[in-house]
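Right, one structure below, let's go through it.
The shown structure was predicted, so the numbers you read here are calculated from the model rather than taken from an experiment. Reminder, nothing fancy here: chain letters follow the sequence lines and each chain counts from 1.
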Number of protein chains: 8
Amino acid sequence: MSIQEARLDFARKDRLGMVEAIWGEHKSSDQIVEILRTFQNHGQLGLVTRVDPFKAKEVIDSLDNVSFHPLARCLTMGEAPPLKDSNKDVLLLSGGTSDIWVASEADLALRWHGVRTELLIDVGVAYLQRLLDQLERLKQAKVLIAFAGMEGALPTVLAGLVSQPVIGVPVSVGYGVSAGGRTALQGMLASCAPGLVVVNIDNGYGAAMAALRIIKSE
Amino acid sequence: MSIQEARLDFARKDRLGMVEAIWGEHKSSDQIVEILRTFQNHGQLGLVTRVDPFKAKEVIDSLDNVSFHPLARCLTMGEAPPLKDSNKDVLLLSGGTSDIWVASEADLALRWHGVRTELLIDVGVAYLQRLLDQLERLKQAKVLIAFAGMEGALPTVLAGLVSQPVIGVPVSVGYGVSAGGRTALQGMLASCAPGLVVVNIDNGYGAAMAALRIIKSE
Amino acid sequence: MSIQEARLDFARKDRLGMVEAIWGEHKSSDQIVEILRTFQNHGQLGLVTRVDPFKAKEVIDSLDNVSFHPLARCLTMGEAPPLKDSNKDVLLLSGGTSDIWVASEADLALRWHGVRTELLIDVGVAYLQRLLDQLERLKQAKVLIAFAGMEGALPTVLAGLVSQPVIGVPVSVGYGVSAGGRTALQGMLASCAPGLVVVNIDNGYGAAMAALRIIKSE
Amino acid sequence: MSIQEARLDFARKDRLGMVEAIWGEHKSSDQIVEILRTFQNHGQLGLVTRVDPFKAKEVIDSLDNVSFHPLARCLTMGEAPPLKDSNKDVLLLSGGTSDIWVASEADLALRWHGVRTELLIDVGVAYLQRLLDQLERLKQAKVLIAFAGMEGALPTVLAGLVSQPVIGVPVSVGYGVSAGGRTALQGMLASCAPGLVVVNIDNGYGAAMAALRIIKSE
Amino acid sequence: MSIQEARLDFARKDRLGMVEAIWGEHKSSDQIVEILRTFQNHGQLGLVTRVDPFKAKEVIDSLDNVSFHPLARCLTMGEAPPLKDSNKDVLLLSGGTSDIWVASEADLALRWHGVRTELLIDVGVAYLQRLLDQLERLKQAKVLIAFAGMEGALPTVLAGLVSQPVIGVPVSVGYGVSAGGRTALQGMLASCAPGLVVVNIDNGYGAAMAALRIIKSE
Amino acid sequence: MSIQEARLDFARKDRLGMVEAIWGEHKSSDQIVEILRTFQNHGQLGLVTRVDPFKAKEVIDSLDNVSFHPLARCLTMGEAPPLKDSNKDVLLLSGGTSDIWVASEADLALRWHGVRTELLIDVGVAYLQRLLDQLERLKQAKVLIAFAGMEGALPTVLAGLVSQPVIGVPVSVGYGVSAGGRTALQGMLASCAPGLVVVNIDNGYGAAMAALRIIKSE
Amino acid sequence: MSIQEARLDFARKDRLGMVEAIWGEHKSSDQIVEILRTFQNHGQLGLVTRVDPFKAKEVIDSLDNVSFHPLARCLTMGEAPPLKDSNKDVLLLSGGTSDIWVASEADLALRWHGVRTELLIDVGVAYLQRLLDQLERLKQAKVLIAFAGMEGALPTVLAGLVSQPVIGVPVSVGYGVSAGGRTALQGMLASCAPGLVVVNIDNGYGAAMAALRIIKSE
Amino acid sequence: MSIQEARLDFARKDRLGMVEAIWGEHKSSDQIVEILRTFQNHGQLGLVTRVDPFKAKEVIDSLDNVSFHPLARCLTMGEAPPLKDSNKDVLLLSGGTSDIWVASEADLALRWHGVRTELLIDVGVAYLQRLLDQLERLKQAKVLIAFAGMEGALPTVLAGLVSQPVIGVPVSVGYGVSAGGRTALQGMLASCAPGLVVVNIDNGYGAAMAALRIIKSE
């Protein structure tokens, strides 16, 4: 078998304004190291998502300037850019601590593009008052990203309260009919709140890039 | 083919304390008339659910003392029993007018057993304030039945606000992923609110009988 | 049954900055007329989606100042606001004429909020050159909404070409595995293009409101 | 990332009359310890569901006054309240020993609220006589909770025999089409027995809280 | 296009001992007439399943010796063979009148092979006593075929009561999760009763042929 | 709304060597006429699939040189090209007359590209001898296309008998679990016969184009 | 919690003529030992299905007279009854060695009831001649049980060749669309061969008991 | 249990022109060794797919002349035949390194039949230019096989660019809605590109055999 050499999408930074990211789940640590080294040679930052601690350690042992973020399950290479001098930020909301790894992935991806973020947890719909107490804070964010497993109602309630862009991220926590996150996903898509948009289950990185597209679009 | 005669479950009234009900959807008007006539001969009330107007007219033309309730899509035979001298009632809640036929079926079934009911509409989760405005009313009901299509979040929010029994009824309104009511059903089952119970999609009658079991259980 | 009066969400305009819209599919013409009349009494605009021509005619015969838009399957009441003095616009893209009713619904909903729009059709992925020929035009839009049935690949290709917000709308055209739009929906959610967001199948109105949230967020 | 502090729903006890419970499955032992400690500081009881023995040991090693219930896979903190001076009890029924962990979770949750319970096993529908032999006992319970995997027919048969509230709990035992509990869930929802209500698969805790709502509603 | 002539499976009668049957649902009346005429020319009986009344009339108008059986939705050509001089019979059981067309199809198919049948209706599981009252009759049949929609529990209960072959036929009556018969089918396959066998939804003919294979196998 | 003019893919003929085809199902007769007229102006042939007889009549009434093929449910414009002077042909096989419309669509599409075809029907797997009798004929075809609904086993059996390319086309005939063609599709994909390829349900046109790609590839 | 003692269904042997069997998959070795000991005390045989080797060893170490059958993944207690003096036997057929554990479970269950069996392997439909070579052998069996994963076509082909009862057992081998056995199951249910009956995926025991019901029914 | 000896399909090489291949996933190393030894005794080549490294080592330790190909997860026995003296080759395309094991399986299977192959990676649709840059190379291949997980759009784009046979292979990489490869499979089946054919998820071997059928058919 003759294999043509891989060519990473270095043009992507110019075309889309995004740091090249690697989906680490189905790659070996060797493959990740090799790709990151190519980035390094081109003087680029690197972000690797969905990496378990064992794989992370193997990568860190082989490359300088790489850090592991266990909550977000991500590797980063290089230094995060300075926060932009702007009052634009992204507010991340989550109903419980079980969703936190996906929220952290989104948070890290945004910070790696210089975007300010804040995370609000324990604002689930089973006790509305906790969310309503934060109404003024909600109205100040540029973009809101809401993470939810189970029945996934948080983004719906949120999009009925504020007028900014709201991105729903279904999370694969739950059991029985909610196992895997399909119920949360469908609940967000079927939402009666106008203008709520949705990304794939557990796709914290994708939600971050959608927020980035919005922030940059001005 | 030798067919044994049908035997209606007249013992049901004694055993379960429920009026015999007929599911009208897959029966011809002739079959419905024949069954109702047998009830009449035994001096019983009758309730027929899921009947379209044409079939209803054919039944009414053939039998005395039968009425059609178009909103509920039900036929009744005989007079509803007097309302029980009690402060126990069932509160029915719905997010929109599209759910109203299922709520009406539940309402009619309860009234046919002498239970007081009230229906609150336009209390959907996309504008929470409308529901919160009713909090005192919510706390007075004996049992609450919440009807919802789309993402089906209303029963979840409700069960986080009150301590009484809450029954969720998914309704087959919506389109795309919410068509047919599966998303609302799964959202209710996956609910993060403790102690919410659920019945089949569009099963207003079933929700009513569940409420009846609770009210009678004291 | 005692029914509490419906209360329309007139606060929505202030809260969310959106014209009140009615989902017409599961409502009778009488119900639609009654709701629109209430809007009229409050001096508001009205938009009714998913209305068939027969129902539309009954509504128009009962109310002044109502128009039917057959391609979009929508009714509007009142005059569209003037287009905003801005170079911000939303570009709608569709691979074929079968998707056009959903695109038209989105277009009408945006115009009813004063947003400029343009629709590009026949830019499907089965012949890429037609899309690539429009690259400069694509780069000028503020937000892009891509409609697709079948395998739903258009939004993925688009989000790999431009850096602005891209909203994917799966459309229920197709047969076999693509009947109903589920395959297009899942393809958009599973997209390898970073930052693509998605709404429910055939939800042109929802995509428009998402675009509005983005445009207003500046 | 700036994370706002978690706030547990201490108001829940007043609002819903329920002990705060923690869903332990997707939480680390550290997270569980931290939450329980906060409860302890507020002088509250604690119940943690879906905990495996390893995680349980780590929690017990870190906190006083915590016990593990291996059959129910739950941790409890503090002493169960005295049984209420009442003849109201909840009867738990199961077709086989495979369902017993879910039944035990429900049992424990009820006892932690002072409710009397009894568990009847080996009363599956494949040999009806065993269930019919218990008919008098069935009629004495205040509420019945029936657990079933496979085809899930037990709650249906039960709801045809007694007039009290019956809650069906599908259990994820089985193989082939019954793997995961979906078949049992759908069978219970589709039941021809009037007034049967259902909770999520394996949701023993939810069924207990539903029974509690009913018992407290008098 | 050159089409090779159709060749009906006349060898089937010798090979399988079954009358040739035609599945009428997706065939035009012209196609049915043509096939039946070929049978007639070969001196064979004919059975056409799943025929609506309009199509049936067109076929009867074109051919002699053809009868329509509206309850079973079948056409037959020729005279049914005499009942076999045997005490072997097939007992058909159904929970309600909604299932009766599928039961009638099975009944007709068996009678067309000379097998004695009897049909017992209103023996659903929601009131067990009606079934238990027939226990002696159940024990006399050679083979039992049980028809059920909704949750489909009847065959399970039956197979726990008797030792003969029991064939379950799921029926497409129901709504919500039971619409289309899938829930009944899966419930029968997941049955905890040993040795229950199942055929496709609404496949009365198939169940009859399975019973015939058993009866002939001695 | 400003709509950019549609541009048909006239380059397709050069690029892919295929006649431009129109999927007629979701288009109005006006839309079809307009597109065909554009073809006519460019001197091209036209093929419109999935057209019902009413729509067909409207198109034929508006345009010259258009014919309707009722069995294939297709419209053609212009004259079919002469059959190529070659011994390469495509053999179409079908288990029953219910599949014939999809087979006819494939046949017509091939003939419109000058390819010889032959159709063999009544060669279903329930009576293998009919297929085995044709073994020599099977071995002479260049490409085989097998159409099957129900369990869809014909292509599997076929691909075990011959060494040429075999394309399986699932057909949406059947009821219960086979309704819609999903079971046939999955059966073909799961086939234990090596090298069987599959197209979408009912996609006769697609199978024809796949055969054309193979024939042209020499 | 007060637990009522388990009561095994000792009446089952009289009622159904079947050895009591235990489904071992979700039971601990302690639970299995306890149940088998009760059987032993009643002088009964025992059969435990779906037992892994580790659990099997623990049971054997605790009880006398128990054997493990690794291919069938079953435990047996006591001696198999003598083969019945009869020419009635059950022929088991399988397309490949991957299905063999399910076939062995069926085989063992039949031998434990004194029924003669024979197993034919490597008779898959991808090479028909191997099956056709066995036609005479096929015609001698009393009942045939066909095991198949992947597309599951073997029972269909078989039921078209012979007139005896044929039971299809879908097996959970395969990948992609055939993973888990659903495709094989649906293919068997959708079969165009008349009178084929089906049991749950991997349910070798169930198929054996169905065959036993047929053999005993004479 | 009497088991008839397995008979491998040695006739397959003559009938289909394919090396006998073994699906290794559900077989033990002992079973694989035994089958390969039989091949060896008949002087045949052998190919075993879906073998993990542990099982591979056990086989290699027991047999001479066997090699393991870790990227392809396959064992081969004997020497690959010489490449055919022909300019016909198969081009394999993949969007990312995650798909590479399936592509390698296809590659190995083709080389074992003497077919030339080349593999192009990193040509995913999220950055079209990388694919368009290879257009001339694409046009030279005899057959193209495109591997894709996620949304699976690569084969659609490809089949719109070239006129040769294109085979799509969905790959089970992805998460959320794309986990397991179903979304990619359905996207390929629903493709708007004419004449694209598809095989089962991860079925690299099947795609290779389909390509072989095409190449040999001339």
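- H/Arg213 contributes no side-chain N or O that, together with a main-chain N or O of F/Val143, makes up a donor-acceptor pair within less than 3.5 Å.
- For residues 147-159 of chain H, a heavy-atom distance under 4.5 Å to chain F picks out H/Ala159, given by residue number.
- Among F/Gly160, F/Gly168, F/Ser191, F/Ala211, the residue with the largest count of heavy-atom pairs under 4.5 Å with chain H is F/Gly160.
- Among the candidates F/Met18, F/Met188, F/Gln164, the residue making the largest number of heavy-atom pairs closer than 4.5 Å to chain H is F/Gln164.
- Considering all non-hydrogen atoms of both residues, H/Pro194 and F/Leu16 come closest at CG-CD1, 4.2 Å.
- Residues passing the side chain to side chain contact (heavy atoms under 4.5 Å, CB included) test with F/Ala207, sequence neighbours excluded: F/Ile145, F/Ile167, F/Val169, F/Val199.
- Checked against side chain to side chain contact (heavy atoms under 4.5 Å, CB included), H/Asp52 has the following partners two or more places apart in sequence or in another chain: H/Phe54, H/Lys55.
- No part of H/Leu212 comes within reach of chain F, as not one of its non-hydrogen atoms sits under 4.5 angstrom from that chain.
- Residue contact with chain F, scored on non-hydrogen atoms closer than 4.5 Å, involves the backbone of H/Leu196 exclusively.
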Under 3.5 Å, sequence neighbours excluded: what are the donor-acceptor pairs made by side chains of residues 71-78 of chain F?
{"unit_1": "F/Thr76", "atom_1": "OG1", "unit_2": "F/His69", "atom_2": "NE2", "d": "2.8"}

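- Tested against H/Leu189 for a side chain to side chain contact (heavy atoms under 4.5 Å, CB included), the candidates F/Asn203, F/Ile201, F/Leu185 yield a single pass: F/Leu185.
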